[in-house]
**Student:** 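Sharing a structure with you now.
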2 protein chains.
Amino acid sequence: MAERKPYHHGDLKRVLVEASRALVSEKGAAQFSVAQAARQAGVSTAAPYRHFRDREEMLDAVARDGLERLAERFRLVTGGLELGSVEAILRIGLAYIDFAVGDPAVFRLMFAELQQKSDGTCDAGEACHMHLLCHVAARMGRAEVDEEVFAAGLPLWTMVHGIAFLKLDGKFGEDCMPVALEPILRNAVERLLPGAP
Amino acid sequence: MAERKPYHHGDLKRVLVEASRALVSEKGAAQFSVAQAARQAGVSTAAPYRHFRDREEMLDAVARDGLERLAERFRLVTGGLELGSVEAILRIGLAYIDFAVGDPAVFRLMFAELQQKSDGTCDAGEACHMHLLCHVAARMGRAEVDEEVFAAGLPLWTMVHGIAFLKLDGKFGEDCMPVALEPILRNAVERLLPGAP
DNA sequence: AACATCATGTAAGTGGCTCTAACATGGAAT
DNA sequence: ATTCCATGTTAGAGCCACTTACATGATGTT
């Protein structure tokens with residue numbers, strides 16, 4: 001019988017984040033409620049407030065979790081590819097869009113306006129951005145990510161971000177895909193990025 | 001004395017939309033409440049439900065209003081410019097971003113996930129998109145907006161949309177503007193769009 | 001081993017919110 | 001004048017965020 005109510009539950013915080021993530025994923029951040037997350041975790045509705053200041057801090061935790069998972073995906077899809085190759089940059093863009101389509105509500109939350117976003121969440125977002133910029137820098141033959149690299153990566157980053165959001169908003173017609181994405185992206189990468197050395 | 005409580009208030013619906021817009025603009029859609037909007041309009045908290053099915057339908061009305069105002073801006077900034085000129089397309093993009101920065105919360109709402117978006121709101125959004133696509137079509141020497149025009153406009157539309165959102169999310173550093181936007185946009189327009197005939 | 005402490009849980013309560021139901025009012029149609 | 005209906009009100013059910021006061025048990029001290 002492994003089922004014995006543990007002394008003080010163990011790591012409720014993690015369980016709550018997971019429950020929150022599921023709820024957001026299912027119903028959207030707007031419908032998310034602390035009370036439901038608590039019930040899902042099998043604790044009283046007051047328990048979450050021992051681990052999170054308020055509802056928003058719980059959502060922030062879900063956002064951060066999402067950003068970290070996105071960064072992990074970037075690592076996965078570019079594994080083994082040459083730093084700064086068109087292929088690698090393309091894969092990052094596609095992974096980004098894939099994530100958005102796969103878990104729209106969480107993706108929205110990751111880029112939503114929170115009154116006060118924790119430092120950890122900001123860092124997690126920054127890490128995602130940096131992953132792209134490193135490849136852009138390599139493609140430009142730069143050793144580090146400076147202003148110029150940032151400027152060069154901007155149109156790509158924003159374009160992919162825009163595609164992701166417009167897809168979520170159903171702005172792409174019925175089946176959500178009237179045109180093939182990959183060639184458009186590849187074309188953009190090749191045209192927008194300063195050529196390799 | 002112009003202050004006499006009118007028989008049945010006149011056009012409460014319009015007043016409520018305006019109040020809602022102000023509230024959303026000020027506090028964000030998440031903090032918006034039907035009750036507050038009603039109080040702001042000077043009616044009971046139940047009154048709004050004579051004009052809107054629920055809270056979401058009120059937000060939808062605010063979104064629609066925003067989309068219509070955006071379309072109006074497009075008309076303004078392209079007035080007198082040649083159809084299909086780089087200048088016109090550029091102005092549309094800048095107006096888009098300008099709107100986003102000027103009223104972030106409403107802009108977010110305009111592209112937010114609503115459970116059920118009214119047809120009117122969809123149409124208003126479509127009108128905005130079409131405004132851009134008409135210029136793109138003209139630039140490509142096409143008489144009408146077909147699949148190819150759509151595909152050509154996609155990277156631009158998405159890029160601008162992405163810039164707007166990333167700006168709102170403060171992803172552009174402290175002062176919200178580490179690089180000049182216009183040259184980047186102009187560059188993108190000139191490189192991405194098939195040349196004029 | 002006995003005890004104090006502190007993190008982490010619960011129960012109960014406050015005030016606000018969404019939305020509904022039953023009723024009120026007055027403008028417009030007959 | 002009478003009726004009807006759109007539009008307003010009051011009252012209330014049910015949910016939620018968050019707080020306060022209390023409970024419990026793991027941990028470190030003596």
Side-chain angles (χ1 to χ4, degrees), chain A residues 2-63 105 109 112-118, chain B residues 3-24 26-63 105 109 112-118:
Chain A
E3 284 309 309
R4 276 194 56 239
K5 269 261 177 72
Y7 45 108
H8 260 234
H9 188 293
D11 55 351
L12 178 55
K13 187 162 185 173
R14 171 187 299 277
V15 174
L16 280 174
V17 171
E18 182 51 37
S20 301
R21 187 169 77 86
L23 281 177
V24 168
S25 200
E26 210 175 309
K27 309 248 204 174
Q31 319 298 323
F32 162 81
S33 91
V34 176
Q36 277 179 41
R39 280 193 286 273
Q40 189 118 348
V43 294
S44 77
T45 60
Y49 294 95
R50 293 289 172 201
H51 299 274
F52 303 93
R53 191 167 350 123
D54 53 18
R55 188 186 113 107
E56 203 169 83
E57 201 170 285
M58 292 185 76
L59 288 176
D60 182 77
V62 173
L109 183 59
E113 161 196 55
L114 295 197
Q115 307 276 39
Q116 11 107 41
K117 200 168 286 191
S118 73
Chain B
E3 284 310 310
R4 277 195 56 241
K5 268 261 177 72
Y7 45 107
H8 261 225
H9 188 292
D11 55 352
L12 179 55
K13 187 163 185 174
R14 169 186 300 279
V15 174
L16 280 174
V17 171
E18 182 51 38
S20 301
R21 188 170 77 83
L23 281 177
V24 168
E26 211 175 308
K27 309 246 203 175
Q31 319 298 323
F32 163 82
S33 91
V34 176
Q36 277 179 40
R39 279 193 287 273
Q40 190 119 348
V43 294
S44 77
T45 61
Y49 294 93
R50 292 292 171 199
H51 299 274
F52 304 94
R53 189 167 352 121
D54 52 18
R55 187 187 114 107
E56 204 169 81
E57 201 171 287
M58 292 185 75
L59 288 175
D60 183 77
V62 173
L109 183 58
E113 161 197 55
L114 296 198
Q115 307 277 40
Q116 10 106 42
K117 201 168 286 191
S118 73

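Below, read A as the first sequence line, B as the second, and so on, with proteins coming before strands; counting in each chain starts at 1.
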**Student:** A:Asp54 side chain: which of C:dT8, D:dC16, D:dC18 is closest?
**Tutor:** D:dC18
**Student:** Take the protein atom CE of B:Met58 and the nucleotide atom C1' of C:dC17, then report the distance between them rounded to whole Å.
**Tutor:** 13 Å
**Student:** With a 4.0 Å cutoff (strictly under), does any side-chain N or O of B:His51 reach OP1 or OP2 of D:dA6?
**Tutor:** no
**Student:** What does A:Ser33 touch in the nucleic acid at a heavy-atom separation under 4.0 angstrom: a base, only the sugar-phosphate, or nothing?
**Tutor:** sugar-phosphate
**Student:** Test your reading of the model: is there a side-chain donor-acceptor pair from B:Lys117 to the backbone of B:Ala112, 3.5 Å cut-off?
**Tutor:** yes
**Student:** Could you state the CD-C1' distance from A:Gln31 to D:dA17, rounded to the nearest angstrom?
**Tutor:** 16 Å
**Student:** Rounded to whole angstrom units, what separation is found between the CG atom of A:Leu16 and the P atom of C:dT10?
**Tutor:** 10 Å
**Student:** Roughly how far, to the nearest 0.5 Å, is the OG atom of B:Ser33 from the CZ atom of B:Arg39?
**Tutor:** 6.0 Å
**Student:** Given atom CG of B:Leu12 and atom P of C:dT25, what is their separation to the nearest angstrom?
**Tutor:** 19 Å
**Student:** What is the nucleic acid contact for B:Ala46, judged by heavy atoms within less than 4.0 Å: base, sugar-phosphate only, or nothing?
**Tutor:** base
**Student:** Just the rounded figure in Å: distance from P of C:dC17 to CG of B:Leu23.
**Tutor:** 11 Å
**Student:** Looking only at the side chain of A:Arg50 (C-beta and beyond, no hydrogens), which of the listed nucleotides D:dG8, C:dT10, D:dA17 gets closest?
**Tutor:** C:dT10
**Student:** Closer than 4.0 Å, any side-chain N/O of A:Arg39 to the OP1 or OP2 of D:dC16?
**Tutor:** yes
**Student:** Counting only side-chain heavy atoms from C-beta out, which of C:dT10, C:dC17, C:dC19 sits nearest to B:Gln36?
**Tutor:** C:dC17
**Student:** Just the rounded figure in Å: distance from P of D:dT7 to CZ of B:Phe52.
**Tutor:** 12 Å
**Student:** Could you walk me through whether B:Leu59 and B:Arg55 pass the side chain to side chain contact (heavy atoms under 4.5 Å, CB included) check?
**Tutor:** CA-CA 7 Å; B:Leu59 288 175; B:Arg55 187 187 114 107; 3.8 Å; yes
**Student:** More 5' along DNA chain D: B:Ser44 or A:Ala35, using each one's nearest nucleotide?
**Tutor:** B:Ser44
**Student:** Rounded to whole angstroms, how far apart are CD on B:Glu56 and P on C:dT18?
**Tutor:** 13 Å
**Student:** Looking at CE of A:Met58 and OH of A:Tyr49, how far apart are the two atoms once the value is rounded to the nearest 0.5 Å?
**Tutor:** 8.0 Å
**Student:** A:Tyr49 side chain: which of D:dC22, D:dA17, C:dT20 is closest?
**Tutor:** D:dA17
**Student:** Describe, as an angle rounded to 10 degrees, how the axis at the first end of the helix from C:dA1-D:dT30 to C:dT30-D:dA1 is tilted relative to the axis at the last end, five pairs per end.
**Tutor:** 0°
**Student:** To the closest 0.5 Å, what do you measure between NE2 (B:His51) and CD (B:Glu57)?
**Tutor:** 11.5 Å
**Student:** What's the spacing between A:Ser25 OG and A:Leu109 CG if we round to 0.5 Å?
**Tutor:** 10.5 Å
**Student:** Quick check: do A:Phe52 and A:Leu16 have side-chain heavy atoms less than 4.5 Å from each other?
**Tutor:** yes
**Student:** Please state how far atom CZ in B:Arg55 lies from atom C1' in C:dT20, giving the value in whole angstrom units.
**Tutor:** 18 Å
